[in-house]
Amino acid sequence: MLTHITFAVDGITLAGDLRIAGDGAPAVVLTGPFTGVKEQVTGGYAERLQQRGISTLAFDHRGFGASGGRRAHEDSQGKLADLRAAVSVLAAHPAADAKRIGAVGICLGGGYAVRAAAADPRIRAVAGIAGAYNSTVRFAAGDPDGYRGALVSFIERWDEELPAVAAGGAPAAMGGDEPYAYYGTGRSRAATWENRVTYGSLHALMTFDALQAAPLLGATPLLVVHGRKDDYCSPELARELHDQAAGPKRIIWLDAGQHIDLYDVEPHVTRAADETAAFLHEHLR
């Protein structure tokens, strides 16, 4: 059963979809792709996981979808606060067990889920699906001056907006044909999704580091599900995240042809959901 809920953090009202699998079932918060809303990728995985015996909370982060906050603006620290609040919602729910809560992140949400789990021991297991495990050191390594120059350009245009995706190679935050094939078509249809984002959001992406959180997970179990070929979220960084984690861990490679195959293309999403549910049941006993 799906229940629409709201909860507050930092004076901002967030909108979520709660799916309870049963009394005492393991439960997870979900966080998803850049600009994504709960009716898209996170909602699809939330439904699949609920069908596999996992209670789920998919929600719109501040600034996106049906939630409040500054519109179309990526707020890295704010999103981590959103995730802490979402964990608190699950922990307080009468059908959930506060000791059986995990986090699942898809695309950019994979990095956020890992960072959240590293800082919040209430998250007892974490899974990333086609995750973006950004490394600021890696961003800057090849061209430090270019990296810093890009940051300056984003700061100078902080409040200006650009399209999230665009056709035909036009400028966009998520450039190229592949993101447009999902967000620019009926595949991602959602009434609350907006094709816009601030330049300040690009600064947030370029300065958010997920990879460094891997050693901080401690004994928290980690699952990495990733496509062998992914032009948008590096398989090499997925491997490095897995290798740097110290606790129980597993990495699953899928033969997907594109990053967005793990958004909504079979058999990849079913395989990812199966592996994630099995991992969560194993480690959230």
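For this chain, numbers begin at 1 and follow the sequence in order.
Between the CG atom of Leu254 and the NE2 atom of His268 there is a distance of 7.5 Å, given to the nearest 0.5 Å. To the nearest 0.5 Å, atom CG of residue Leu2 and atom CD1 of residue Ile20 are 10.5 Å apart. Rounding to the nearest 0.5 angstrom, the gap separating the CZ atom in Arg124 from the CG atom in Leu280 is 14.0 Å. Distance CG/Asp60 to OG1/Thr13: 12.5 Å, rounded to 0.5 Å. Distance check: Leu211 CG to Glu240 CD gives 4.5 Å after rounding to the nearest 0.5 Å. Remark: Leu30 CG to Ile129 CD1 distance equals 8.0 Å, nearest 0.5 Å.
Met206 and Val114 are not part of a single hydrophobic cluster, where members link through side-chain heavy atoms under 4.5 Å apart. By the criterion of side-chain heavy atoms lying less than 4.5 angstrom apart, applied directly or through intervening Ile, Leu, Val, Met, Phe, Trp or Tyr residues, Leu237 is not grouped with Phe139; the two fall into different hydrophobic clusters. Connection of Ile106 to Met174 is established within a shared hydrophobic cluster, with ILVMFWY side chains joined at heavy-atom distances below 4.5 Å, either directly or through further cluster members.
Between Arg84 and Asp120, no side-chain nitrogen of the basic residue sits less than 4.0 Å from a carboxylate oxygen of the acidic one, so the salt-bridge criterion is not met. Salt bridge Arg187/Asp264: present, at least one basic N to carboxylate O contact under 4.0 Å. The pair Lys79-Glu74 meets the salt-bridge criterion, since a charged nitrogen lies less than 4.0 angstrom from a carboxylate oxygen. A salt bridge links Glu282 with Arg250: the distance from a Lys NZ or Arg NE/NH1/NH2 to an Asp or Glu carboxylate oxygen falls below 4.0 Å.
Counted within 6.0 Å of CZ on Arg228, heavy atoms from surrounding residues, nucleotides or ligands total more than 12; the atom is thus considered enclosed. No more than 12 heavy-atom neighbours from other residues, nucleotides or ligands sit within 6.0 angstrom of CG on Asp177. Atom CZ of Arg71 has more than 12 neighbouring heavy atoms from other residues, nucleotides or ligands inside a 6.0 Å radius.
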Steps toward side-chain contact (heavy atoms from CB on, under 4.5 Å) verdict (His283, Leu223): CA-CA 10 Å; His283 292 285; Leu223 172 68; over 6 Å; no
Check against side-chain contact (heavy atoms from CB on, under 4.5 Å), Gln40 and Tyr183: CA-CA 9 Å; Gln40 296 171 334; Tyr183 289 104; 3.7 Å; yes
Stepwise side-chain contact (heavy atoms from CB on, under 4.5 Å) check, Leu57 with Ile5: CA-CA 9 Å; Leu57 175 55; Ile5 67 168; 3.7 Å; yes
side-chain contact (heavy atoms from CB on, under 4.5 Å) evaluation trace for Thr56 with Tyr45: CA-CA 9 Å; Thr56 63; Tyr45 275 101; over 6 Å; no
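At a cut-off of 3.5 Å, with distance as the only test, a side-chain donor of Arg122 or Ser88 sits close to an acceptor on the other residue. For the residue pair Tyr180/Thr185, the side-chain donor-acceptor check at 3.5 Å is not satisfied.
Taking 4.5 Å as the limit, every side-chain heavy atom of Lys249 sits out of range of all side-chain heavy atoms of Gln244.
Aromatic ring orientation, His61 versus Tyr112: tilted (interplanar angle from 30° to 60°). Taking the six-membered ring where tryptophan is involved, the planes of His226 and Tyr133 are tilted, since the angle between them lies from 30° to 60°.
When ring centroids are compared, Phe279 and His281 stay outside the 6.0 Å threshold.
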